[in-house]
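Reviewing the structure listed below.
We name chains A, B, ... by the order of the sequence lines, and we start the count at 1 in each one. Both backbone and side-chain heavy atoms feed into the values below; hydrogens, waters and symmetry mates do not.
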Amino acid sequence: MLQVHDIRANKDAYINALKKRGLDVSEDIENILEADENRRATQTKLDETLAQSNTFSKEIGMLFKSGETQKANILKEKTSKLKEDSKRFQEELNAAVETLDNLLYTIPNIPHELVPAGTDENDNEEVFAEGDIPTLDNEALPHWELAKKYDLIDFELGVKVTGAGFPVYKGKGARLQRALISYFLDKNTEAGYTEYQVPHLVNEDSARGTGQLPDKEGQMYHVTGDDLYLIPTAEVPVTNLFRGDLLPHTQLPITCTGYTPCFRREAGSYGAHVRGLNRLHQFDKVEIVRIEHPDNSYKALDGMVEHVKNILRELKLPYRILRLCGGDLGFTSALTYDFEVFSTAQDRWLEISSVSNFETFQANRLKLRFKDGDGKNKLAHTLNGSALALPRVLAGILENYQTENGINIPDVLVPYCGFDRID
RNA sequence: GGAGAAAUGGCAGAGUGGUCGAAUGCGGCAGUCUUGAAAACUGUUGAGGGUCACACCUCCGGGGGUUCGAAUCCCUCUUUCUCCGCCA
């Protein structure tokens with residue numbers, strides 16, 4: 001969420017910038033500023049009342065000490081009204097804070113100046129593309145056919161055990177999946193990211209910290225018995241490792257990577273675009289997370305983009321990079337680059353990574369701060385990206401590496417797989 | 001799952017109703033000394049709100065209560081530790 005004092009200072013600039021998202025927030029901003037003034041006024045009233053009653057309490061204490069109990073008792077009576085007042089003001093304050101927070105929750109992050117205006121994915125800006133799109137013959141199959149032909153993934157078994165969107169990987173399919181996880185983790189740790197294994201269930205505070213709650217409640221699986229949520233991405237547990245921290249600036253940047261399964265309800269999804277591995281309720285992903293000094297965060301974002309590029313280059317997959325337009329930009333993000341790999345047999349681009357800078361938007365909710373060189377405590381910038389999401393990379397490999405006689409394995413994966421062909 | 005103990009500042013650890021935001025030690029920062037460093041010594045050192053700046057307010061695991069006044073008493077929740085049971 002945004003910080004009120006930033007909104008106060010940059011009111012017009014913020015209203016203007018949010019137009020890129022297709023939003024007119026001028027009224028909301030006015031409401032926020034009004035709610036904030038109300039909050040501060042109420043706080044002042046409460047503080048003054050408490051100050052008064054603190055003074056009385058001290059006096060009463062001294063009077064009792066010196067034996068002047070009668071005077072003390074007179075003072076005691078005076079405090080009862082103050083007590084009532086402070087109780088009432090406290091309730092008013094709680095309400096004022098809640099009103100303000102609820103308003104703040106509705107305002108998305110301010111898009112970076114590089115974010116192009118636009119309403120949907122068609123307006124995203126292609127900033128880079130690389131790799132040759134193979135020309136396949138007419139016999140080329142989509143990955144779900146290949147998975148069946150070579151017995152790599154069994155979607156029906158998943159339906160039997162759990163339901164649609166929970167595939168079962170078998171044999172070389174399972175091995176290839178595991179190879180990719182190891183390969184990604186190795187690439188990330190080589191690049192300096194520290195590997196973490198984190199819980200796959202998180203509590204409500206964590207889900208709130210990274211912004212899944214309150215807005216996206218319906219997207220997560222909720223374990224009601226223990227009031228825990230299955231993680232939709234490793235971003236949630238990994239970023240929350242640092243919730244509430246006040247880090248010395250010398251400790252920045254903090255860089256983490258982690259593999260987790262991800263669980264998404266994907267309510268309302270249907271049709272051809274969700275076939276095979278294209279969209280699942282459970283999938284694997286290796287994530288990278290950075291906590292950065294605000295002065296370095298955009299350099300860091302560029303570094304993450306380069307890092308993902310290198311991986312895709314090694315895998316020799318044709319891909320492109322999109323800079324998301326205002327209409328497609330995630331609620332919490334200031335600038336996002338999506339990576340898409342070309343799915344030859346489906347003749348479409350599949351998103352395999354999304355790399356974002358959230359600036360202080362997440363850190364504000366997380367209360368994730370650092371002590372800067374000047375001694376001041378400031379909110380850190382958080383960034384994250386997939387490196388990479390497994391299913392669609394797998395789909396890309398199966399489709400792009402298929403031949404008449406089998407599927408080749410990208411060279412860099414052969415040591416991880418222990419085989420160089422699926423046939 | 002059963003029984004007991006505990007939760008205090010970056011860490012360790014005092015504090016059981018009245019100048020306690022909190023002793024002390026370690027750590028951190030600044031200085032003295034030193035060619036430099038170490039050691040020693042001196043000073044300083046929590047967070048949030050609020051203010052032009054002060055003042056002032058809040059915070060001793062979370063929430064609630066008693067009291068003029070709570071780190072301190074009561075209730076409740078959570079977590080940790082010890083013992084027992086179960087277990088990959």
- Can you tell me how far C1' of B:C56 sits from NZ of A:K45, to the nearest Å? 17 Å
- In whole Å, what is the span from the NZ atom of A:K376 to the P atom of B:G46? 16 Å
- Task: Take atom C1' in B:C84 and the same atom in B:U76, then report the distance between them in whole Å.
- Result: 26 Å
- Task: Starting at the 5' end of RNA chain B, write a dot or bracket for each base, bracketing those in Watson-Crick or G-U wobble pairs whose two distances are under 3.5 Å and using | for partners on another strand.
- Result: ((((((((.[[[..)..(.....]]]((((((.......))))))((((......)))).[[[[[..)....]]]]])))))))....
- Message: So, using side chain to side chain contact (heavy atoms under 4.5 Å, CB included) as the criterion, who are the partners of A:F331 when residues are at least two apart?
- Response: A:P108, A:F361
- Query: Separation of A:R40 atom CZ from B:C52 atom P, in whole Å?
  - Reply: 9 Å
- Between B:G10 and B:U45, how far apart are the C1' atoms? Round to whole Å, please. 11 Å
- Query: Looking only at atom C1', what distance separates B:G49 and B:G21, rounded to whole Å?
  - Reply: 16 Å
- Message: Walk along nucleotides 62-68 of chain B from 5' to 3' and tag each nucleotide B, S or - by protein heavy-atom contact under 4.0 Å, base first, then sugar-phosphate.
- Response: ---S--B
- Using the P atoms only, state how far B:C33 lies from B:U24, rounded to an integer number of Å. 27 Å
- Query: To the nearest Å, how far apart are A:E92 CD and B:C57 P?
  - Reply: 20 Å
- Query: Would you call the rings of A:H307 and A:Y193 parallel, tilted or perpendicular if under 30° counts as parallel and over 60° as perpendicular?
  - Reply: tilted
- Message: Under 4.0 Å from OP1 or OP2 of B:C57: is there any side-chain N or O of A:N54 that close?
- Response: yes
- Query: Angle class for the A:Y229/A:H222 ring planes (parallel below 30°, perpendicular above 60°, tilted otherwise)?
  - Reply: parallel
- Task: Just call it for A:K371: base, sugar-phosphate, or nothing, with non-hydrogen atoms closer than 4.0 Å on any strand.
- Result: sugar-phosphate
- Message: Please report the distance separating the C1' of B:G61 from the corresponding atom of B:U51, rounded so that it comes out in whole Å.
- Response: 32 Å
- Quick note, salt bridge (charged side-chain N to carboxylate O under 4.0 Å, His left out) partners involving residues 167-182 of chain A, not counting sequence neighbours, are A:D151-A:K170
- Message: Would you measure the distance from the P atom in B:C56 across to the matching atom in B:U66 and give it in whole Å?
- Response: 28 Å
- Just checking A:N377: base, sugar-phosphate only, or nothing, at a heavy-atom cut-off of under 4.0 Å? sugar-phosphate
- Query: In Å, rounded to the nearest 0.5 Å, how long is the span from CE of A:M304 to CG of A:D302?
  - Reply: 11.0 Å
- Query: Is there a side-chain polar atom (N or O) of A:R39 under 4.0 Å from OP1 or OP2 of B:G49?
  - Reply: no
- Figure out the CG/P separation between A:D85 and B:C57, and round it to whole Å. 16 Å
- Query: Between A:L100 (CG) and B:G49 (P), how many Å, whole number?
  - Reply: 13 Å
- Query: Looking at A:T382, A:N109, A:T210, which one forms a side chain to side chain donor-acceptor pair (under 3.5 Å) with A:Q362?
  - Reply: A:T382
- Atom-pair distance (CG on A:N364; C1' on B:G48), nearest Å: 13 Å
- Query: Taking CZ from A:R369 and P from B:G46, how many angstroms apart are they, rounded to a whole number?
  - Reply: 14 Å
- Of A:L50 and A:M62, whose nearest nucleotide on RNA chain B comes first from the 5' end? A:M62
Determine all donor-acceptor pairs shorter than 3.5 Å in which one atom belongs to a side chain in residues 241-253 of chain A; sequence neighbours excluded.
unit_1: A:R243; atom_1: NE; unit_2: A:N240; atom_2: OD1; d: 2.7
unit_1: A:R243; atom_1: NH2; unit_2: A:S206; atom_2: OG; d: 2.9
unit_1: A:H249; atom_1: ND1; unit_2: A:K371; atom_2: O; d: 3.1

Name each donor-acceptor pair under 3.5 Å that joins a side chain in residues 94-101 of chain A to protein atoms two or more places apart or in another chain, with its distance.
unit_1: A:N94; atom_1: OD1; unit_2: A:Q90; atom_2: NE2; d: 3.1
unit_1: A:T99; atom_1: OG1; unit_2: A:A95; atom_2: O; d: 2.8

- Message: With rounding to the closest Å, how many angstrom separate the C1' atoms on B:C81 and B:C26?
- Response: 24 Å
- Does the side chain of A:E92 pick up a donor-acceptor pair with the side chain of A:N38 at under 3.5 Å? no
- Message: Roughly how many Å apart are B:C60 and B:A70, using the C1' atom of each and rounding to a whole number?
- Response: 11 Å
- Task: Determine whether the side chains of A:Y259 and A:E195 contain a donor N or O and an acceptor N or O closer than 3.5 Å.
- Result: no
- Message: So, taking the atom named OG in A:S386 and the one named CD in A:E351, what distance separates them when rounded to the nearest 0.5 Å?
- Response: 7.0 Å
